*Asks:* 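Please see the structure below; I have some questions.
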Amino acid sequence: FADIHGNVVHLGERECSIQRRHQKVIEECPSPINDPELRRRMGEAAVKIGQTVNYTGAGTVEFLLADATRDFYFLEMNTRLQVEHPGTEVVTGLDLVREQFLVATGERLSFKQEDINWQGHAIECRVYAEDPSNNFFPSPGTITQWQEPAGPGIRIDSGVTRLSEVSIHYDPMIAKLAVWGRTRPEAIDRLRRALDEYDVSGITTTLPFFR
């Protein structure tokens, strides 16, 4: 994240290895294979990239990590927030969308690198109207039942309700489920509960795949 006054910070990493058709479906923050030293090196590299191009706003620098050597390699930079930004928000406690508005109007970032703390663990599932048993083929139609999970550590960013029509003309992602826990096992337990609380009919979704 960078402002026009030369302040550039990193907000830690997200693990995005679980994909289908080269697109992310499950993301974690922080990465379960990362450690403070690797986070520092990755963060410094991301900040340097932002500084080199005089970047302003929120951006996502993607790296590929070699498990054996712990070396990482630059893949690309997405010049925006990404779908999985709720994971970063719930772990850092920052409102990144609000921060974008502030930076866009010429304000300074409201935090410095030393202000950023990572608390707990977040997992996000992208809920798609797709059939996991049929190579994730899209499943358009009318949603006849739609009940979302709730409770501590549960965040839902949803674009549909009961009787919403899922069209063939748009991306089939219909919601994002983000859970937070004090530890990764606690986050996984909450994710299992949240997935079981979903009650959806009329379309096929990726919820069974996540379970």
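Being a predicted model, the structure only gives us computed values, none of them experimental.
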*Asks:* Side-chain heavy atoms under 4.5 Å apart, restricted to Ile/Leu/Val/Met/Phe/Trp/Tyr: what other residues fall into the cluster of I4, or is it alone?
*Replies:*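 Answer for I4: none, a lone residue.
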*Asks:* What I'd like to find out is whether the side chain of L177 reaches to under 4.5 Å of the side chain of Y198, using heavy atoms alone.
*Replies:*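 The answer is yes, as the side chains (C-beta and beyond) meet within the 4.5 Å cut-off.
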*Asks:* Indicate whether any N or O donor in one side chain lies under 3.5 Å from an N or O acceptor in the other, for H121 and E186.
*Replies:*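 Short answer, no.
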*Asks:* Report the distance from atom CG of L163 to atom CD of Q145, rounding to the nearest 0.5 Å.
*Replies:*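 Going from the CG atom of L163 to the CD atom of Q145 covers 9.5 Å.
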*Asks:* Does anything in residues 31-42 form a salt bridge (charged side-chain N to carboxylate O under 4.0 Å, His left out)? List the pairs, not counting sequence neighbours.
*Replies:*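 Passing the test, one end in residues 31-42: E13-R39, D35-R70, E37-R40, R40-E44.
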*Asks:* R193 versus I154: any side-chain heavy-atom pair under 4.5 Å?
*Replies:*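 Yes, at least one pair of side-chain atoms sits under 4.5 Å.
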*Asks:* Grouping I, L, V, M, F, W and Y whenever their side-chain heavy atoms are under 4.5 Å apart, do F72 and F74 come out in a common cluster?
*Replies:*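 Yes, F72 and F74 fall within the same hydrophobic cluster.
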*Asks:* Do M173 and V83 come within less than 4.5 Å of each other through their side chains, counting heavy atoms only?
*Replies:*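 The answer is yes; the side chains approach within 4.5 Å.
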*Asks:* Tell me, which pairs form a salt bridge (charged side-chain N to carboxylate O under 4.0 Å, His left out) where one or both residues lie in residues 87-97, sequence neighbours left out?
*Replies:*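 Found E89-R155.
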*Asks:* Are side-chain heavy atoms of T206 and V25 found at a separation under 4.5 Å?
*Replies:*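 Result no, sub-4.5 Å side-chain heavy-atom pair not found.
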*Asks:* For R182, look at atom CZ and say whether over 12 heavy atoms of other residues, nucleotides or ligands are found less than 6.0 Å away.
*Replies:*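 No, CZ of R182 has 12 or fewer neighbouring heavy atoms, counting only those of other groups under 6.0 Å.
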*Asks:* Could you walk me through whether T105 and E107 satisfy the side chain to side chain donor-acceptor pair (under 3.5 Å) test, starting with their C-alpha distance in whole Å, then the side-chain angles of each, then the deciding distance to 0.1 Å, before giving a yes or no?
*Replies:* CA-CA 6 Å; T105 57; E107 298 289 332; 4.8 Å; no
*Asks:* In Å and rounded to the nearest 0.5 Å, what is the CD1 to OH distance from I203 to Y128?
*Replies:*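 One gets 13.5 Å once the value is rounded to the nearest 0.5 Å.
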*Asks:* Just wondering, do L195 and R192 contact through their side chains at under 4.5 Å, heavy atoms?
*Replies:*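 No; the side chains remain at least 4.5 Å from each other.
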*Asks:* Measure the spacing between CD1 of I123 and CD1 of I188 and express it to the nearest 0.5 Å.
*Replies:*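 The distance works out to 5.0 Å.
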*Asks:* Can you see whether T88 engages R14 through a side-chain donor-acceptor pair at a distance of less than 3.5 angstrom?
*Replies:*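 Yes, side-chain donor-acceptor contact under 3.5 Å.
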*Asks:* Out of curiosity, F1 CZ to T56 OG1, how far, rounded to the nearest 0.5 Å?
*Replies:*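 Result: 10.5 Å between the selected atoms.
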*Asks:* Which distance, rounded to the nearest 0.5 Å, do you find between the CD of E62 and the CE of M77?
*Replies:*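 Reported value, rounded in 0.5 Å steps: 10.5 Å.
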*Asks:* Could you check if a side-chain atom of T204 sits within less than 4.5 angstrom of a side-chain atom of P132, using non-hydrogen atoms only?
*Replies:*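 Yes, their side chains come closer than 4.5 Å.
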*Asks:* What side-chain donor-acceptor pairs closer than 3.5 Å can you find for residues 97-104, not counting sequence neighbours?
*Replies:*
{"residue": "E99", "atom": "OE1", "partner": "S110", "partner atom": "OG", "Å": "3.0"}
{"residue": "E99", "atom": "OE2", "partner": "S110", "partner atom": "N", "Å": "2.6"}
{"residue": "E99", "atom": "OE2", "partner": "S110", "partner atom": "OG", "Å": "2.9"}

*Asks:* Is there a side chain to side chain contact (heavy atoms under 4.5 Å, CB included) between E27 and R126? Walk through the geometry before answering.
*Replies:* CA-CA 9 Å; E27 299 102 359; R126 303 186 185 191; 2.7 Å; yes
*Asks:* Can you pull out every salt bridge (charged side-chain N to carboxylate O under 4.0 Å, His left out) where at least one residue sits in residues 130-139? Sequence neighbours excluded, please.
*Replies:*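 Every salt bridge (charged side-chain N to carboxylate O under 4.0 Å, His left out) pair that includes a residue of residues 130-139, provided the two are not neighbours, is R20-E130, R21-E130.
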*Asks:* Please report the C-alpha distance between T92 and W118 in whole Å, then the side-chain angles of each, then the deciding distance to 0.1 Å, and finally whether the side chain to side chain contact (heavy atoms under 4.5 Å, CB included) criterion is met.
*Replies:* CA-CA 5 Å; T92 62; W118 296 272; 3.9 Å; yes
*Asks:* So, using ring-ring contact (aromatic ring centres under 6.0 Å, His included) as the criterion, who are the partners of F210 when residues are at least two apart?
*Replies:*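 Applying ring-ring contact (aromatic ring centres under 6.0 Å, His included) to F210 gives none.
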*Asks:* Membership question, hydrophobic clusters at under 4.5 Å side-chain separation (ILVMFWY): are L81 and V47 in the same one?
*Replies:*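 No, V47 and L81 fall in different hydrophobic clusters.
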*Asks:* Can you confirm whether L65 sits close enough to L38 that some side-chain heavy atom of one is under 4.5 Å from a side-chain heavy atom of the other?
*Replies:*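 Side-chain contact under 4.5 Å: yes.
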*Asks:* Please tell me if the side chains of L11 and V91 come closer than 4.5 Å, counting only heavy atoms from C-beta onward.
*Replies:*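 Answer no - side chains too far apart.
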*Asks:* Working to the nearest 0.5 angstrom, can you tell me the gap between I174 CD1 and T205 OG1?
*Replies:*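 Those atoms lie 6.5 Å apart.
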